[in-house]
Amino acid sequence: MKKTILLLCACLASWYAGAQTGAKFLQGEMMTRVDKTSPNGKYVVGYSLESQPWGLDSQTGFMSFLWDVETGEQEWMTTLDETDFSKSGRFVDVTDDKVICGWFKDPDNMLTSTEWGETYTLPLNVAAVWRTAR
């Protein structure tokens, strides 16, 4: 009986200690995905899960944001624009000083594809780095 009471007390003590850690959970906007948090925990990058028309299919993930956790400011920095592919971008990681890496659709590297009798010339995805102002 003593062992059972001791075990129960130990479990309750560890549960209480875990509940007091002060962990902070944040939730982004609807239909978004957070990819990475900077090592210092100050910045978060992610992208929209909303589908956008692209060729015969839909495309997701080329509207990306940078979220400053301390201020709560979320800035949408890229978008999928079929008239200006240089505005596209998918953020996948961020550093402590807001250098973002990912990829974008490069208008200088095009690929022609034929699907279902329709021919499309679309840009390839290439690696990219965005340096934001501090």
Side-chain angles (χ1 to χ4, degrees):
M1 182 70 172
K2 285 182 182 180
K3 288 183 181 181
T4 305
I5 291 173
L6 185 59
L7 181 60
L8 179 62
C9 288
C11 289
L12 288 174
S14 66
W15 173 79
Y16 179 77
Q20 300 301 316
T21 59
K24 184 177 182 181
F25 295 94
L26 301 172
Q27 183 166 339
E29 293 180 15
M30 292 284 291
M31 296 296 294
T32 61
R33 176 179 170 165
V34 171
D35 254 356
K36 294 290 181 176
T37 302
S38 63
N40 66 3
K42 186 175 178 183
Y43 304 108
V44 173
V45 292
Y47 59 92
S48 172
L49 294 171
E50 290 185 38
S51 162
Q52 300 163 332
W54 184 254
L56 286 176
D57 301 317
S58 304
Q59 186 76 29
T60 61
F62 283 91
M63 291 177 56
S64 294
F65 62 85
L66 173 67
W67 184 6
D68 186 325
V69 175
E70 290 181 349
T71 65
E73 179 182 350
Q74 183 174 334
E75 178 185 0
W76 288 93
M77 297 177 61
T78 65
T79 186
L80 184 59
D81 181 346
E82 290 189 58
T83 61
D84 186 359
F85 295 115
S86 66
K87 293 180 182 179
S88 70
R90 168 90 170 265
F91 297 166
V92 295
D93 208 352
V94 61
T95 65
D96 290 342
D97 46 353
K98 296 195 320 187
V99 176
I100 301 167
C101 69
W103 64 83
F104 80 110
K105 293 194 172 296
D106 186 0
D108 295 331
N109 292 294
M110 305 294 272
L111 176 72
T112 300
S113 173
T114 302
E115 294 180 22
W116 300 94
E118 296 287 331
T119 300
Y120 296 95
T121 301
L122 303 170
L124 295 174
N125 296 339
V126 296
V129 173
W130 291 264
R131 298 183 192 281
T132 61
R134 202 146 161 69

Residue pair Tyr43 / Asp68, side-chain heavy-atom distance below 4.5 Å: yes

Main-chain N/O of Phe91 paired to Ser64 side chain as donor or acceptor, under 3.5 Å: yes

Euclidean distance, Trp130 CH2 relative to Leu66 CG, rounded to 0.5 Å: 11.5 Å

Met63 side, atom CE; Lys87 side, atom NZ - distance, nearest 0.5 Å: 12.0 Å

Separation of Phe85 CZ from Asp108 CG (nearest 0.5 Å): 11.5 Å

Derivation of the side-chain contact (heavy atoms from CB on, under 4.5 Å) call for Val126 and Phe104: CA-CA 6 Å; Val126 296; Phe104 80 110; 3.4 Å; yes

Residues which pass salt bridge (Lys or Arg N to Asp or Glu O under 4.0 Å) with Glu70, listed by chain and number, not counting sequence neighbours: Lys42

Over all atoms of both residues, closest heavy-atom pair of Val94 and Pro39: O-CD, 3.8 Å

Any side-chain donor near an acceptor of the partner, Thr121 and Thr112, under 3.5 Å: yes

Linked, directly or transitively: Met77 and Val99 (ILVMFWY side chains, under 4.5 Å): no

Asp96 (side chain) donor-acceptor with Asn40 (main chain) under 3.5 angstrom: yes

Derivation of the side-chain contact (heavy atoms from CB on, under 4.5 Å) call for Trp103 and Val92: CA-CA 8 Å; Trp103 64 83; Val92 295; 3.5 Å; yes

Value rounded to 0.5 Å, distance of CD1 in Ile100 from NZ in Lys36: 14.5 Å

Gap between atom CG of Leu124 and atom CE of Met110 - 0.5 Å precision: 8.5 Å

Interatomic spacing from CG in Asp84 to OG1 in Thr79 - rounded to 0.5 Å: 10.0 Å

